[in-house]
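Single-structure report; data block below.
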Amino acid sequence: MPSRSQEKRETVDLRTAYRDAGCGQLNASWIEREVSVSGWVHRRRDLGGLFFVDLRDRTGILQLSFGPEWSDQAVLDLVEQLNPEDVIRATGIVCQRPDPNLEMLTGEVEIQVDTLERLAVSDPLPILVYQPPDEDLPSEELRLRHRVLDLRRPEMQHNLRMRHLATSATRASLAEQGFVEIETPMLTRQTPEGARDYLVPSRTHNRRFYALPQSPQLYKQLLICGGFDRYFQIAKCLRDEDLRADRQPEFTQIDVEMAFVDQDDVFKVAETMLQRIWHDGLGSSVSAPFERLPYAEALERFGTDKPDLRISWELSDFTHTLTDIGFGIFDAVVAADGRVRGIVVKGGTVLSRSRINHYDELAQEVGAKGVIWLKRAESGWSGPLAKVVGEETSAELEGTHGVEEGDLVFLVAGRDEETAPALDLIRRRVARELDAIDEDQDRWLWITEFPLFHKDPETGLPVHAQHAFTMPVDPDPKLIHEDPFSVTARAYDIVYNGMEFASGSIRCHFPEVQRAILAATGLSDEEIEARFGFLLEAFRYGVPPHGGFAVGLDRLIAVMVGSPSIRDVIAFPKTAAARGLLEQSPSEVDPSELAELGISLD
RNA sequence: GGGGCUGUAGCUCAGCCUGGUUAGAGUGCCGGUCUGUCACACCGGAGGUCGCGGGUUCGAAUCCCGUCAGCCCCGCCA
């Protein structure tokens with residue numbers, strides 16, 4: 001994980017009619033100058049005759065001091081009246097503090113105020129901007145309802161400033177690499193992604209609806225067709241699905257597309273951009289090129305297509321070692337085309353039976369039949385399998401699978417699609433419990449060679465693994481038609497410490513292959529024409545090979561600032577029920593407007 | 001759509017398991033004392049629909065049912 005960037009003193013000239021500098025900009029070099037500053041009253045300390053005000057603006061906090069020797073009585077009377085979050089302007093001489101506060105950026109100095117204006121009065125606060133130590137933040141409900149106050153907290157200021165640094169770095173890096181920023185419509189038609197659309201009724205065309213874009217996917221390909229061979233956009237995307245800590249109904253993607261490229265060209269652009277974001281935002285360097293791992297290998301070694309490589313443990317196939325040794329459960333699974341896979345947890349014997357049971361339950365929640373465990377203690381093997389572990393098996397466990405004294409083996413048997421999610425979850429959770437994640441590492445990774453299709457578990461039909469416009473490694477319409485699940489896609493993800501940050505592909509620019517891909521998911525020719533005709537038409541007039549990627553900006557920023565929730569890096573987020581608590585959205589509308597739209601409510 | 005956690009003073013929480021005085025603490029707020037604080041200190045005070053509705057009970061913040069809101073997870077969603 002990146003460390004939070006050190007707070008730096010802003011150097012920009014912030015002089016205006018109301019101030020000579022930002023509060024956080026003052027330091028010893030300003031001593032003896034007369035300055036004006038403006039901001040919010042953060043804290044006030046009344047010593048009876050002497051007053052101190054911590055004045056806050058977005059640059060930091062500065063101490064103002066008030067005393068009879070340098071402030072006249074009217075000023076002293078006014079400062080006694082000040083409430084937290086009043087907005088004031090203060091003027092006076094910058095002085096060295098007799099007893100500096102080294103914890104404050106401006107702690108060496110203070111302003112001895114001789115002129116004070118109250119620019120705005122604050123009512124008593126529903127939630128405090130000042131965050132008392134040892135006290136939890138107000139509930140998220142109240143933070144969102146009173147978001148204006150919440151945003152004033154230095155932590156939120158820092159988060160949104162980080163967001164700005166990241167988007168600025170994005171623009172700078174992509175511009176340097178020859179990309180042009182172009183906006184695409186928010187009012188569009190229903191798009192091919194799998195999510196539910198937000199719909200906007202049309203007044204001029206009753207019974208018809210615009211859809212808000214789930215992503216600019218089709219438009220960016222059209223821009224390529226339009227001759228903008230390097231496009232990007234910091235784009236709002238909207239999806240009407242249920243939310244999570246890392247999901248909002250509207251979120252932001254860094255959307256990039258480029259022509260005349262192959263995969264390596266795209267990788268270079270993305271790596272250069274992310275290096276710049278990390279450098280400008282966090283002041284840290286990212287080494288490139290990133291590691292690469294084919295999808296199939298990732299699943300085999302880690303059980304997931306977004307492995308956290310800071311955990312050194314890998315999955316291992318125990319099928320040969322643990323079958324035909326008298327353990328019927330495993331033999332039965334293998335007879336049904338399953339495998340016995342497991343993970344060797346170094347030092348795992350410290351886990352109690354109840355902890356092991358906990359992981360067993362977790363595994364079952366994600367679809368495994370259950371977990372069998374095996375401990376290697378000084379005294380020998382223990383666990384349900386121990387009695388069937390003979391000398392030969394023991395030697396194989398130690399030799400082939402590297403089990404050592406003190407280790408614990410979690411075993412899950414079944415078909416790979418049942419066992420992989422369980423093993424992945426156990427690997428991550430146990431590593432966290434045993435502190436086996438190397439937090440000093442940053443592991444950037446490209447996952448490549450995704451399958452073009454996954455099988456829909458209900459219908460058995462192919463569904464797009466990434467999206468509908470990905471180029472197969474072998475662009476053969478016949479193969480797509482006859483054996484869709486064997487087709488590998490030129491698609492890729494960026495995974496950072498186990499989190500998916502970005503996703504992209506080389507696009508399919510052969511119209512007949514594109515039709516075959518769409519047809520494979522069960523769309524008729526008519527449906528293809530109706531929904532994607534405009535893209536296929538664009539492809540008829542000369543389409544260059546092209547590809548791109550999209551980065552989930554909110555998640556990226558959340559990681560950069562160390563927040564578990566993307567709500568902390570969005571100025572005005574929605575709740576888990578997609579409500580806006582500040583503005584009370586969604587709201588009812590006037591019946592006359594509905595009538596105009598041709599909509600009646602039951 | 002399903003599961004879990006939470007809801008008590010403006011705010012953060014305790015009390016709830018095991019029902020029984022006037023529901024507490026810290027902080028904030030109001031009043032007072034205080035000339036070097038920086039979580040200022042000290043003294044005093046006000047402040048409660050225990051989310052809402054119903055039930056059980058002699059008696060409910062506490063037990064039960066429902067409901068609303070927030071959060072987390074599964075489904076869903078790249």
Side-chain angles (χ1 to χ4, degrees), chain A residues 42-55 61-71 76 83-85 95-104 106-107 110 112 123-146 149-150 193-197 214-215 217 237-249 251 253 305-306 362 364-367 421 425 447 450 454 457-458 463-467 470 491-495 499-505 549-552 555 564-565 567 573-579 581:
Chain A
H42 193 60
R43 303 272 291 167
R44 186 171 61 99
R45 290 176 291 282
D46 175 354
L47 275 64
L50 261 192
F51 298 85
F52 298 97
V53 168
D54 291 339
L55 188 68
I61 294 174
L62 172 69
Q63 175 163 287
L64 310 177
S65 73
F66 300 80
E69 287 162 36
W70 59 90
S71 316
L76 293 174
N83 305 320
E85 300 307 310
C95 297
Q96 171 81 42
R97 287 209 219 170
D99 193 6
N101 181 347
L102 299 178
E103 282 166 32
M104 289 175 73
T106 60
E110 65 183 11
Q112 297 193 338
D123 282 351
L125 301 169
I127 61 172
L128 267 43
V129 175
Y130 165 74
Q131 181 55 33
D134 306 328
E135 190 158 311
D136 292 347
L137 281 180
S139 70
E140 192 148 14
E141 186 174 358
L142 287 165
R143 287 179 55 205
L144 293 177
R145 184 154 289 149
H146 306 288
L149 293 171
D150 190 49
E193 283 88 346
R196 274 185 282 266
D197 289 304
Q214 296 183 23
S215 79
Q217 180 61 40
C237 305
L238 300 107
R239 294 176 189 168
D240 188 5
E241 293 291 347
D242 289 340
L243 306 183
R244 289 283 192 285
D246 62 352
R247 261 192 249 158
Q248 282 275 301
F251 61 98
Q253 283 186 348
D305 59 5
K306 44 181 181 189
L362 276 182
Q364 292 183 39
E365 277 171 30
V366 294
L425 189 65
I447 302 291
F450 279 81
H454 285 144
E458 279 160 34
V463 290
H464 306 293
Q466 302 273 123
H467 59 61
T470 301
Y492 35 81
D493 280 358
I494 293 175
V495 172
M499 284 166 288
E500 184 193 313
F501 266 6
S503 182
S505 65
F549 63 94
V551 176
R555 225 176 276 185
S565 164
R567 288 187 298 273
K574 301 286 190 284
T575 67
R579 234 192 297 267
L581 295 183

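When reading the values below, keep in mind they use all heavy atoms of this one structure, side chains included, and skip hydrogens, waters and symmetry mates. Sequence lines set the chain letters: A, B, ... in the order given, protein chains first and strands last, and positions in each chain run from 1.
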Quiz item: With sugar-phosphate meaning primed atoms plus P, OP1 and OP2, does A:Arg567 contact a base, only sugar-phosphate, or nothing at under 4.0 Å between heavy atoms?
Solution: sugar-phosphate
Quiz item: Taking A:Gln96 for the side chain and A:Pro100 for the main chain, is one N or O donor matched with an acceptor at less than 3.5 Å?
Solution: no
Practice problem: Can you tell me the distance, in whole Å, between the CZ atom of A:Arg145 and the P atom of B:rC11? | Solution: 11 Å
Quiz item: Between B:rC40 atom C1' and A:Gln63 atom CD, what is the distance in whole Å?
Solution: 11 Å
Quiz prompt | Interatomic distance, A:Leu142 CG vs B:rA69 C1' [rounded to whole Å] | solution = 11 Å
Quiz item: If you round to the nearest 0.5 Å, how far is CG of A:Asp197 from CG of A:Leu238?
Solution: 9.5 Å
Exercise. Remember a base hit wins even if backbone is also touched, and classify A:Gln466 as base, sugar-phosphate or nothing at under 4.0 Å, heavy atoms.
Key: base
Quiz item: Taking the side chain from A:Glu241 and the backbone from A:Arg196, do they hold a donor-acceptor pair closer than 3.5 Å?
Solution: yes
Exercise. Considering just the side-chain nitrogens and oxygens of A:Gln131, establish if one lies under 4.0 Å of OP1 or OP2 belonging to B:rA39.
Key: no
Quiz prompt | Whole-Å distance separating the CG atom of A:Asp136 from the C1' atom of B:rG7 | solution = 15 Å
Exercise. Pick base, sugar-phosphate or nothing for A:Leu243, based on heavy-atom distances below 4.0 Å to the nucleic acid.
Key: nothing
Quiz item: How would you label the contact of A:Phe51 with the nucleic acid (heavy atoms, under 4.0 Å): base, sugar-phosphate, or nothing?
Solution: nothing
Quiz item: Who passes side-chain contact (heavy atoms from CB on, under 4.5 Å) against A:Lys574, sequence neighbours left out?
Solution: A:Gln248, A:Pro249, A:Glu250, A:Glu583, A:Ser585
Self-check item: Nearest to side-chain heavy atoms of A:Arg196, which nucleotide of B:rC76, B:rA78, B:rG28
Solution: B:rC76
Quiz item: If the C1' atom of B:rG19 is compared with that of B:rC76, how far apart are they to the nearest Å?
Solution: 43 Å
Quiz item: Hey, does A:Glu110 reach any base, or is it just sugar-phosphate, or nothing, if we go heavy atoms under 4.0 Å?
Solution: base
Practice problem: Give a yes or no answer on whether the side chain of A:Asn101 reaches the backbone of A:Glu103 with a donor-acceptor pair at less than 3.5 Å. | Solution: yes
Quiz prompt | Rounded distance (Å) that lies between atom P of B:rC11 and atom CD of A:Glu140 | solution = 16 Å
Quiz item: Can you find an N or O donor on one side and an acceptor on the other, under 3.5 Å apart, linking the side chain of A:Arg247 with the base of B:rC77?
Solution: yes
Practice problem: For B:rC71, give its Watson-Crick or G-U wobble partner with both distances under 3.5 Å, or none. | Solution: B:rG4
Quiz item: Closest to the A:Leu581 side chain: B:rG75, B:rG70, B:rU27?
Solution: B:rG70
Practice problem: Taking only the side-chain nitrogens and oxygens of A:Ser139, find out if one of them lies under 4.0 Å from OP1 or OP2 of B:rG70. | Solution: no
Quiz prompt | Under 3.5 Å: donor-acceptor pair, side chain of A:Arg247, backbone of A:Asp242 | solution = yes
Practice problem: Could you check which residues of residues 42-49 of chain A get a heavy atom under 4.0 Å from RNA chain B? Sort them by number, please. | Solution: A:Arg43, A:Arg45, A:Asp46, A:Leu47, A:Gly48
Quiz item: When all nucleic acid strands are considered with a 4.0 Å heavy-atom cut-off, which category describes A:Ala502: base, sugar-phosphate, or nothing?
Solution: nothing
Quiz item: Does A:Arg45 come within less than 4.0 Å of A:Asp54, counting only side-chain N to carboxylate O?
Solution: yes
Exercise. Figure out the CE/P separation between A:Met104 and B:rA39, and round it to whole Å.
Key: 10 Å
Exercise. Would you kindly check whether a donor in the side chain of A:Asp134 faces an acceptor in the base of B:rG26, or vice versa, at under 3.5 angstrom?
Key: no
Quiz item: Under the side chain to side chain donor-acceptor pair (under 3.5 Å) criterion, do A:Gln466 and A:Ser503 qualify, and how do the steps go?
Solution: CA-CA 8 Å; A:Gln466 302 273 123; A:Ser503 182; 3.0 Å; yes
Exercise. Report yes if at least one side-chain N or O of A:Arg579 is closer than 4.0 Å to OP1 or OP2 of B:rG70; otherwise report no.
Key: yes
Quiz item: Base, sugar-phosphate, or nothing for A:Glu135, non-hydrogen atoms under 4.0 angstrom?
Solution: base
Quiz prompt | Interatomic distance, A:Glu85 CD vs B:rC29 P [rounded to whole Å] | solution = 11 Å
Quiz prompt | Any strand: nucleotide that pairs with B:rG44 via Watson-Crick or wobble, under 3.5 Å | solution = B:rC30
Self-check item: Donor-acceptor contact below 3.5 Å, side chain A:Tyr492 vs main chain A:Ser505
Solution: yes
Quiz item: What distance, rounded to whole Å, do you find between the two P atoms, one in B:rA46 and one in B:rG36?
Solution: 32 Å
Exercise. Quickly work out the A:Glu141 CD to B:rU12 C1' distance and round it to whole Å.
Key: 15 Å
Quiz item: What is the nucleic acid contact for A:Pro124, judged by heavy atoms within less than 4.0 Å: base, sugar-phosphate only, or nothing?
Solution: nothing
Quiz item: If you look at every strand shown and take non-hydrogen atoms under 4.0 Å, does A:Asn101 touch a base, only sugar-phosphate, or nothing?
Solution: base
Practice problem: Identify, between A:Thr575 and A:Pro68, the residue whose nearest nucleotide on RNA chain B lies closer to the 5' end. | Solution: A:Pro68
Quiz item: Who is the Watson-Crick or G-U wobble partner of B:rC16, with both distances under 3.5 Å?
Solution: none
Quiz item: How many angstroms lie between atom CZ of A:Arg145 and atom CD of A:Glu140, to the nearest 0.5 angstrom?
Solution: 12.5 Å
Self-check item: Distance-only donor-acceptor test (3.5 Å): side chain A:Arg244, base B:rC77
Solution: no
Practice problem: Answer with base, sugar-phosphate or nothing: what part of the nucleic acid does A:Ala550 contact at a heavy-atom distance below 4.0 Å? | Solution: nothing
Self-check item: Nucleotide paired to B:rA61 in any strand shown, Watson-Crick or G-U, under 3.5 Å
Solution: none
Self-check item: Toward the 5' end of RNA chain B, by each residue's nearest nucleotide, A:Trp70 or A:Pro84
Solution: A:Pro84
